[in-house]
Amino acid sequence: MFIFDRNMHEAHNLKKGRDTSDRNQLLAMLLGTDAEDTNRVGRLLLLSATPFDRQLNHLHNQLNLFGLSREAALPSGNDCTTDEAQSALARLIVRRLNAMELCGKRHTRNMYRHEHRTGEAAEVQMTIEQQLFAALMQKKVSEYLQENCAGRFELGMLASFESYLPGEKSKAIEFDGLDDQPSEGSKRDAQDRHVVESLIEDFNQEFKTTPPHPKMDWVAERAHQLSFEKGKKQLIFVRRVKSVSELKFKLERAYDTWLGDYVRADAAVADWFDKYSSQVRDLNQALTDEVGKDGEVEASGENFFTWFYRGKNADLEKGVEQLQQLPFNFRNALAQNSYMFEPNWTALSGMPDVADCQIHWQQWIQGNGKPKPTPQLRFRLAQYAYLKTVHCQGSDQAKAAGRILSIAFEGFKAEIELADLTGLQADLKRRTLWDVMRSSTELKSLSPDWGDQTIQLLSGSDELVAERCIRRMLTHTEMLAVVCRIDHPFIDLYSLRSARKGDTETDADSNLITGFAELLVKQCRSGADFSSFQILHDVAHSLDLLIKLNFAEAYHTSANKLTRYLTAQLNPLSPVSGATGENSSNRTPLARKFRMPGYPRVLISTDVFQEGEDLHTFCDSIQHYGISASPIALEQKVGRVDRIGSMAHRRMVSAGEQYQQHFIQVSYPHIRESLEFFQVRQAAANLNAFQRSLHRLGDSSISFCQEIDLRQQLASANAIEPQITEPLESLFRISSDDLDGGDFRASLMAEQDGVILRLAHVRNQVEHCLTKLLNLQPTESVYLQESTSGWSWDGNGIVPATFQVRSAKGLAELLISATAPKETMCPPSETDSYSRVAWLSDLQQDPLVRLQGGDFDSATGEMTFRRNAEVYAGGEKVLISIEVDDIYQRVLGDVGEGDTPCEQRAVIPNKIRSLCKQNDRVMDLTP
């Protein structure tokens with residue numbers, strides 16, 4: 001029986017055992033633990049932010065699901081406080097305790113957080129009118145609880161703490177999150193819903209309006225100030241689902257007021273803002289943003305940015321003359337026609353001076369091509385011809401130029417509709433935005449490094465290092481360009497559209513570059529906490545972190561598709577975003593956007609973001625607008641921004657003695673003179689008790705209370721407990737005995753040597769087999785080039801195919817991949833989807849080859865495809881020549897008589913039956 005080790009993330013989801021969900025039952029079946037005496041798990045690592053030592057029966061259930069409950073030797077019962085239980089737990093559990101060294105002092109996580117449980121950052125300030133209505137609401141709710149709920153309510157389950165807006169009449173208030181799901185199947189409801197509905201209905205009848213909620217108004221105003229004026233992103237957690245859209249609406253109105261003042265100097269835009277405010281703006285608070293089939297984002301009326309700047313807006317068509325150029329068209333001009341964001345390889349330190357290069361333009365560029373001469377295309381062609389010329393010189397710079405060409409100009413067609421190609425010489429003298437930035441002290445750090453060290457890396461002996469360097473520079477320029485076109489900086493760019501004037505489009509680009517650079521310098525000198533300069537600065541200085549977290553495929557995406565890839569990862573953007581169970585499928589894209597330094601500035605969420613996504617790159621502020629009953633849930637929510645490499649960690653480490661200014665901020669906003677004070681007081685006590693139970697603090701009287709008893713609370717004169725700020729110690733430490741064990745270094749080294757030999761064998765076999773297969777001379781031998789994607793050979797003009805050896809994603813296996821060149825085909829003239837699917841199915845009838853989709857030419861209706869095949873690089877760690885020959889024949893070889901795809905499909909089941917019969921297995925393969 002095959003025994004394997006297992007790592008299990010978010011293991012607390014298994015605490016109720018194998019029979020409580022289909023997921024757990026399936027896992028038990030796959031592990032073979034659905035039978036009592038079966039165990040296919042060798043070693044088990046359970047990972048969870050939820051403590052395992054709360055209830056022994058939960059830990060029993062988790063271990064039992066993996067067939068390891070008996071080996072754990074936990075005592076019977078559910079009491080985890082006995083000496084026997086503590087001794088058993090100490091053998092099983094390791095509790096990691098986050099700590100940082102700041103100015104020579106050890107800080108555990110509670111010490112670098114500032115929790116605002118009381119004071120001006122937590123206690124809502126109200127007008128007299130708000131105080132009067134809030135007092136009336138509290139009186140009515142208290143009376144209802146006394147009469148109907150024995151004077152008790154559960155933490156976080158009163159609707160009046162979050163909103164006065166009614167939901168659907170006589171329907172339960174909707175909550176998100178595991179903590180809010182009823183244990184017996186009945187729908188959870190806010191205990192004060194009936195009181196709120198009745199009181200608000202009376203108010204509406206009397207005053208023809210809904211009373212403003214003082215806490216919601218105060219939080220919205222404060223969150224706006226912090227995010228758009230102080231430059232601090234805000235993560236707000238609520239309990240009630242509808243609170244997300246209500247808070248989002250108020251924050252977007254505050255944003256519109258701020259943006260209206262920001263663009264007021266632009267008379268044409270200000271006029272459209274006034275029209276939007278009076279005629280367009282509505283209560284549409286959809287939480288999902290749609291992208292059209294063409295990849296374009298549609299405008300929406302949620303706020304002025306999404307309506308005016310973000311997407312194509314038919315309402316603006318009538319304002320073309322007034323605006324000079326519509327935002328949608330201006331964005332497309334920057335992306336498709338402008339050379340503003342192009343990398344200028346002639347300016348790379350160490351590359352030959354343009355004046356010293358005699359470029360034979362006709363040799364490198366076809367002058368009768370289809371594309372019209374836009375400034376962007378002219379600039380790229382000039383760069384291409386320059387690099388081609390340098391590449392032929394046989395120097396270190398030639399090596400660098402060749403590598404740049406192979407990566408930055410992959411798939412580039414050197415064609416243009418231009419009779420006199422020598423006119424491109426002037427385009428080599430253009431200065432892009434990056435050139436202007438490098439000449440500015442304030443902006444130099446925003447541009448990719450174009451210094452001496454870069455040219456040394458590009459011309460060095462390590463091809464992989466050179467490739468990564470080029471891809472990083474391309475990702476740097478493209479990412480900042482995308483941010484400028486779809487994020488907040490686009491507002492500033494569009495304000496400079498009048499600067500984009502000149503005798504030619506090329507002159508217009510030069511003027512725009514100068515104007516934008518001057519604006520960025522001005523913002524830098526002003527020291528504004530939120531600005532286009534600050535956004536671009538944060539992207540440039542956190543580039544590697546952003547690539548790792550948000551753009552994992554950037555280095556594996558060809559240069560001609562990089563812009564599309566980065567744009568698709570971020571589009572569409574909005575200044576304020578919301579998340580509930582309704583749009584939980586968009587959780588990962590939303591988290592990716594929030595991890596960027598620009599929009600969205602505020603994320604309002606129910607418990608759907610309590611775990612599973614990191615939101616820490618540019619946010620260090622949490623607001624518990626709605627308080628969860630569980631202290632574990634509260635801790636998990638703060639954990640979204642308290643991660644290794646978070647903005648707070650980065651700034652504390654680099655701030656020196658001023659590190660306290662960058663503590664993580666956690667707020668518990670509440671109305672001081674209300675029942676909510678009791679809730680915050682109990683939540684604070686629960687949090688402190690939770691931390692004491694996790695760590696040795698000398699207090700053994702641990703208790704959590706998730707229900708508020710009004711009589712007890714009224715009888716207590718205690719203030720809200722302050723946060724614990726003394727150093728914490730782990731209750732489950734790693735002892736020296738735990739670290740005793742065998743020395744596995746020799747076996748690890750032997751395994752590593754085996755991997756190296758395996759890689760060398762595969763590489764040599766592929767090179768040798770392809771060289772022999774193609775009858776190449778020794779001087780023409782196939783040589784696999786190392787790249788970020790593995791080893792590859794582009795055919796070198798000898799064979800129209802590319803070959804690659806790379807690792808299989810998620811598996812410790814090597815793959816050999818072969819891809820034939822593009823084939824152009826015309827789909828059927830019928831427009832119905834059935835005919836097109838049938839056509840594609842006929843194309844893909846060969847079971848041993850797959851077609852990879854390429855481009856679609858809307859003018860001719862033609863589609864391009866590539867033939868691709870992949871195989872594991874040999875079984876039993878040995879790759880034989882017939883396997884390399886097989887993959888070559890699949891994509892390039894002729895199909896012989898009796899070996900058509902249809903006949904191959906018929907033969908394969910027979911071969912499988914034969915193999916099964918040999919192994920005494922029976923399998924039904926009837927089609």
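No hydrogens, no waters, no symmetry mates; every other heavy atom, side chains included, goes into these values.
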If you measure only the distance, is there a donor-acceptor pair under 3.5 Å linking the side chains of [X] and [Y]?
X    : Y    : value
N550 : R595 : yes
N204 : T209 : no
Q523 : D492 : yes
H670 : E123 : no
R310 : S574 : no
Q534 : D538 : yes
N148 : H194 : no
E143 : Q146 : no
S667 : Q623 : no

Can [X] and [Y] be counted as an ion pair, charged N to O under 4.0 angstrom?
X    : Y    : value
K230 : D529 : no
K242 : E246 : no
R240 : E162 : no
D256 : R253 : yes
E221 : K250 : no

S628 side-chain N/O to S630 backbone N/O, donor-acceptor pair under 3.5 Å: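 No; judged by distance alone, with no hydrogens or angles, the pair does not exist.
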
E611 (side chain) donor-acceptor with A633 (main chain) under 3.5 angstrom: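 Judged by distance alone, no pair lies under 3.5 Å.
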
Please tell me whether [X] and [Y] form a close aromatic pair, meaning their ring centres lie under 6.0 Å apart.
X    : Y    : result
W258 : Y262 : yes
F663 : Y112 : no
F618 : F594 : no
F305 : Y599 : yes

Residue pair I236, S605: steps toward the side chain to side chain contact (heavy atoms under 4.5 Å, CB included) verdict: CA-CA 6 Å; I236 305 175; S605 175; over 6 Å; no

Plane angle bin for F228 and F530 - parallel if under 30°, tilted between 30 and 60°, otherwise perpendicular: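 Correct class here is perpendicular.
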
Aromatic ring pairing Y494/F308, orientation class (parallel under 30°, perpendicular over 60°, tilted between):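 Perpendicular.
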
Partner set under side chain to side chain donor-acceptor pair (under 3.5 Å) for H662, not counting sequence neighbours: none

Pairs involving residues 625-638, ordered by first then second residue, that meet salt bridge (charged side-chain N to carboxylate O under 4.0 Å, His left out) (sequence neighbours left out): R109-E635, R113-E635, D607-K637

L316 versus P327, closest heavy-atom pair with distance: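 Where L316 meets P327 most closely, the heavy atoms are CD1-CD, 4.1 Å.
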
Side chain to side chain contact (heavy atoms under 4.5 Å, CB included) between I535 and H488, intermediate numbers included: CA-CA 8 Å; I535 292 172; H488 176 80; 3.8 Å; yes

